[in-house]
Q: 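One structure coming up, written as structure tokens, with questions to follow.
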Number of protein chains: 2
Amino acid sequence: MLNPLRIALERRDRLTAEEVLVVERLVSKPVPVAEGADMVREGESPLHSTVMISGFSARYTTFSDGKRQISAVHVPGDFVDLHSLLLRPMDHSVVALTDCSVVEVPHTLLREISERHPHLTRLLWTLTVIDAAIFRQWLIASGHLPAVGQIAHFFCELWTRLSLVGLTEGRSYDLPIAQADLGDAMGLSAVHVNRCMMALRRNGLLEWRGGRVRILDWDGLRTSAAFDGQYLNLEQRPR
Amino acid sequence: MLNPLRIALERRDRLTAEEVLVVERLVSKPVPVAEGADMVREGESPLHSTVMISGFSARYTTFSDGKRQISAVHVPGDFVDLHSLLLRPMDHSVVALTDCSVVEVPHTLLREISERHPHLTRLLWTLTVIDAAIFRQWLIASGHLPAVGQIAHFFCELWTRLSLVGLTEGRSYDLPIAQADLGDAMGLSAVHVNRCMMALRRNGLLEWRGGRVRILDWDGLRTSAAFDGQYLNLEQRPR
DNA sequence: CGGCTCTTTGACCTTGCTCAATTCGCGTGG
DNA sequence: CCACGCGAATTGAGCAAGGTCAAAGAGCCG
């Protein structure tokens, strides 16, 4: 399988042959991370940034009352903590929502790129600002959409991000996580997530059983979520 | 008054004499923007990025139902759309919440910096990832805190960000915007914001009248918001 | 004084939460 | 092949935070 980081970058801009070499060198042998294990922990100052190769992970914060808030979900090709190159210490943890494999890219290498490869640096920078755009959309959704809409938005976004790295088949994709995880991400209770999922199913928009998502009515789903994938910047252009 | 962008950068890392020169050249003569005017508009692809010199502005999206969701509030020293160097078109607008003055920095200049000044580039990059960290905190607050806590968090964050550029006096600062604006930012109705403000006042945590915020009990406010300013990365260190 | 915008208040309604009990899916050991 | 165990999905009932609508004060400027 093609290096998903390279796919993510090339989807945003053309890479020179030299840049391809550099990117391929970044992504060395994958390391497995078991479901439920933290790959980065709040308060640490990692010396590398982590790229997802397979599986799903999530950034989260835990509170004194034991609740967990997920602020981002990561799919293959995502840097889960590229910002740790610049910000220290981590203000949140990252957990493997499923069994994952990841590659750890030393900060020394990334810093070297930032010294020697301005264009590639801008592309890495672009990945972080796309991350920010996703946060913004979640924020907007959480402020203005009812729960069903928020959830619909999540499924639309995830389909789009997964299709980028070839992990969709038609309008379906695997998402082997629990409804409660989704609740932690949307700031909703597990019970309410369940009720929303039933509503989506009842309205023929979406099914999610056995860890598999099937979008039955893309336009309906998109509309109910006011989803427009433009913020993901999937166009290849000079950056 | 000292160039607030320079303050923001030097607060994160030491600048060389040459970098100071470059930064000072970036910030040329300020342009006024009247309250209520858009300084950047959704759908556009600006050829410059905008730095706040004075006043408050906000990134927002408007919906078909006429509601407005604010996803960020900007203070002097903030780049309101540094990411527009890399992402196009804008997926949101930016409005002046008060009369503002801003400086427009041509993308050509920024791109030149990214080619020639790796360290300065990393610092600009840092500003955008701090932006993202702020989004993350808002997301976390909105998912897990009740309305009063969210609002308290906002006032704590704003105090911290304003003190960075010298716009606080003790625990007070000017914030001449309407409660409804705050509601748009927190995803709350204006009525509910009002009730929360009264609760904060009643509990002796905070006053906000005549456009002036007075934090009466910083520790109490901080606690009710679970606020920890670390995510703003106000330490000067090599980046 | 008049007009405007912003804040405050009251009454009532809706969304989503909590707690607690079932039920389902599925892998495991007998 | 079947009973058992366990996590996850469902369901029900009652509650609470926050929304809506509408009206009444306050503050400020001309």
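Every chain is numbered from 1 and lettered A, B, ... according to where its sequence line falls, protein lines coming before strand lines. Basis for what follows: all heavy atoms, side chains included, without hydrogens, waters or symmetry-related copies. Note that the structure is predicted; figures quoted are calculated from it, not measured.
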Q: Would you indicate what A:G211 reaches in the nucleic acid, counting non-hydrogen atoms under 4.0 angstrom: base, sugar-phosphate, or nothing?
A: nothing
Q: Taking atom P of D:dG18 as reference, at what distance in whole Å does atom CZ of B:R195 sit?
A: 12 Å
Q: Mind checking which nucleotides bracket the chain B contacts on DNA chain C, 5' to 3', with an atom under 4.0 Å from a heavy atom?
A: C:dT7 to C:dA11
Q: In whole Å, what is the span from the CD atom of B:Q150 to the C1' atom of D:dG18?
A: 11 Å
Q: Check for a donor-acceptor pair, side chain of B:S93 on one end and backbone N or O of B:Y60 on the other, with a separation under 3.5 Å.
A: no
Q: Over how many whole Å does the gap from B:H192 atom NE2 to D:dG19 atom P extend?
A: 6 Å
Q: Separation of B:M198 atom CE from D:dG18 atom C1', in whole Å?
A: 14 Å
Q: If each of A:C196 and B:R201 is mapped to the nucleotide of DNA chain C with the nearest heavy atom, which maps nearer the 5' terminus, i.e. the 5' end?
A: B:R201
Q: Taking CZ from A:R209 and P from D:dA9, how many angstroms apart are they, rounded to a whole number?
A: 11 Å
Q: Can you tell me the distance, in whole Å, between the CZ atom of B:R212 and the C1' atom of D:dG27?
A: 19 Å
Q: Can a side-chain donor-acceptor contact be found between A:W208 and A:Q179 if the only test is distance below 3.5 angstrom?
A: no
Q: Do B:F135 and B:L139 have side-chain heavy atoms sitting under 4.5 Å apart?
A: no
Q: Rounded to the nearest angstrom, tell me the gap between atom CG in B:N194 and atom P in D:dG18.
A: 14 Å
Q: Could you check how far CG of A:D181 sits from P of D:dG7, rounded to whole Å?
A: 15 Å
Q: Just to verify, what does B:E169 make a side chain to side chain donor-acceptor pair (under 3.5 Å) with, not counting sequence neighbours?
A: B:R212
Q: In terms of the angle between their ring planes, are B:H144 and A:F63 parallel, tilted or perpendicular, with boundaries placed at 30° and 60°?
A: parallel
Q: Report the residue (A:L145 or A:V191) whose heavy-atom-nearest nucleotide on DNA chain C is the more 5′ of the two.
A: A:L145
Q: Do NZ/NE/NH1/NH2 and the carboxylate oxygens of A:D181 and A:R68 come within less than 4.0 Å?
A: yes
Q: Within the structure shown, what part of the strands sits under 4.0 Å from A:G187 by heavy-atom distance: base, sugar-phosphate, or nothing?
A: sugar-phosphate
Q: If the plane angle is over 60° it's perpendicular, under 30° parallel, otherwise tilted; pick one for A:Y231 and A:H153.
A: parallel
Q: Please tell me which of the listed nucleotides, D:dA9, D:dA13, D:dG18, lies nearest to the side chain of B:P146?
A: D:dG18
